[in-house]
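Notes to accompany the following structure.
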Protein chains: 2
Amino acid sequence: MSNLSTTSDDILASTRHLLISGGYNGFSYADISEIVGIRKASIHHHFPSKVDLVRELVKRYREDGQASVAILEQKVPNALDILKAYANHWAACIEDASRPYCVCAMLASELPSLPTEVATEVTNFFRFISSWLASVMERGSKQGELSLTSAPHVEAEAFLATVYGAMLSARAYGKPEVFSTILAPALNRLTPNVSH
Amino acid sequence: MSNLSTTSDDILASTRHLLISGGYNGFSYADISEIVGIRKASIHHHFPSKVDLVRELVKRYREDGQASVAILEQKVPNALDILKAYANHWAACIEDASRPYCVCAMLASELPSLPTEVATEVTNFFRFISSWLASVMERGSKQGELSLTSAPHVEAEAFLATVYGAMLSARAYGKPEVFSTILAPALNRLTPNVSH
DNA sequence: TTTGATCTTCCTACTAGTTGGTAGTTTCGT
DNA sequence: ACGAAACTACCAACTAGTAGGAAGATCAAA
């Protein structure tokens, strides 16, 4: 009989929430304890140190991402549709304010000042997303589902930068719809068979 | 007789340095005092509170940006060349590690948890850059110096997102050259008279 | 089925160090 | 002599982290 929600998961969820809003140095064990409803010391039982906590969070974040990607690849055959689904995922998260920013975007900007264990995990996340997008680009190009103007791995980096830049812009302006405004032409440009 | 470097400027410079590396909550008055070589309390003489300090920093950052843009517009007539110069500015900053990240990109990602006075100033910065880029896009389009596929203000947002996304990627991978790899095709796409 | 040992989880109470900020004083150039 | 700019010496609040104990749950042996 497995619990639907463990304290450890609650701690991770509130950490993610706090991390998205203010970064690594923007929250404390006291903040988490208030949200979860347990004492500070109890958090140390589950995650001995802050580094342990955030390292585990990022590790799971990447693993969840890998799992979601696997399902997406299985359900959606067309490469362009995959990129659209990826963009729509973030558009939805930003617009309903549920997870309006990527944990790893937050941490990547703080990278030089992060504990190395966390920094490594963050870099790993970006390597994963980047190589996944590159594989999508390559396959889509070969099968005529995408029209590329650069090498697949360059297009992948460019697309990733657009997504994360759009995420930042939406936050900077306080206007969620900016994300889709930026992504729409980016996806359009990758669409084949546009008469010209 | 004006000094070439005032203490106040030294404080702002070291604040910028610290801010770029770890964000608003990633540095303290103690850190600044160590770099500048004065006591913590002396910093409060120049900037009564941390909010005052960072608000002033961002205000000047925007003003400096506006001045640089004015000079750039004056020296470089061609719109595409302006965009290239803007991209090259950041490429150089990132590659020589002098100012490898934008102060306002850092703060924008932390926006929800920032003091409102600082947050407002950050939003102002992005509005400025965005409307400047939009004006460059519009002028360049009219004069045939740029080939746009969307409305000028959309192209401006997309270009801005690419620049800031590329900045983040360069930091995430720890590879400065990633910035130029991403910007090159973005600028290429805006270049007119490419045979197709 | 009851006992007892062990494990997990949470607690109170505490620590040493850091945070942004203040009060009041001295130093120094004009 | 006067203001600016620096200083020493604080402060209350907060930081991550620790020590040690109480309440339950689990499970094996009697």
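Only this structure's heavy atoms are used, side chains among them; waters, hydrogens and symmetry mates stay out. Being a predicted model, the structure only gives us computed values, none of them experimental. Chain naming here is simple, since letters A, B, ... match the order of the sequence lines and numbering starts at 1 in each.
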Minimum-distance nucleotide (side-chain atoms of A:K50 versus D:dT8, C:dC11, D:dG17): D:dG17
N or O in side chain of B:S42 less than 4.0 angstrom from D:dC7 OP1/OP2: yes
Distance, rounded to the nearest Å, where A:F27 contributes CZ and D:dC14 contributes P: 17 Å
Whole-Å gap separating C1' (D:dA19) and CZ (A:R39): 17 Å
A:S49 side chain near D:dA16 phosphate (N/O to OP1/OP2, under 4.0 Å): no
Touch class at under 4.0 angstrom, heavy-atom based, for A:S28 against every strand present: sugar-phosphate
Closest non-hydrogen atom pair, A:I32 against A:S14: CG2-OG, 3.4 Å
Euclidean distance, atom CD1 of residue B:I32 to atom C1' of D:dA6 [Å, nearest integer]: 16 Å
Contact under 4.0 Å: B:T7 side-chain N or O vs D:dA5 OP1/OP2: no
Any donor-acceptor pair under 3.5 Å from B:Y101 side chain to B:L19 backbone: no
Rounded interatomic separation in angstrom, taking CG from A:L53 and C1' from D:dG17: 13 Å
Distance in angstrom units between B:L18 CG and C:dG20 P, rounded: 11 Å
Euclidean distance, atom NZ of residue B:K40 to atom C1' of D:dC11 [Å, nearest integer]: 10 Å
Nearest-Å distance for atom pair CG/P, residues A:N25 and C:dG17: 20 Å
Any B:H46 side-chain N or O less than 4.0 Å from OP1/OP2 of D:dA6: yes
Result of checking B:R60, B:R55, B:R62 against B:E121 for salt bridge (charged side-chain N to carboxylate O under 4.0 Å, His left out): B:R62
Global bending angle along the helix from C:dT1-D:dA30 to C:dT30-D:dA1, which compares the axes of five pairs at either end, to 10 degrees: 10°
Exceeds 12 heavy-atom contacts within 6.0 angstrom, atom CZ of B:R39: no
Sidechain-backbone polar pair: A:S68 side chain, A:D64 backbone, donor-acceptor under 3.5 Å: yes
B:Y164 ring center within less than 6.0 Å of B:F179 ring center: no
Residue A:H45, side-chain atoms from C-beta onward, closest of D:dT15, C:dG21, C:dT8: C:dT8
Backbone of B:S49 reached by a side-chain donor or acceptor of B:Y29 within 3.5 Å: yes
Sugar-phosphate, base or nothing in reach of A:F47, heavy atoms under 4.0 Å: nothing
Listed nucleotide nearest any side-chain atom of B:Y29, set D:dA6, C:dG20, C:dA13: C:dG20
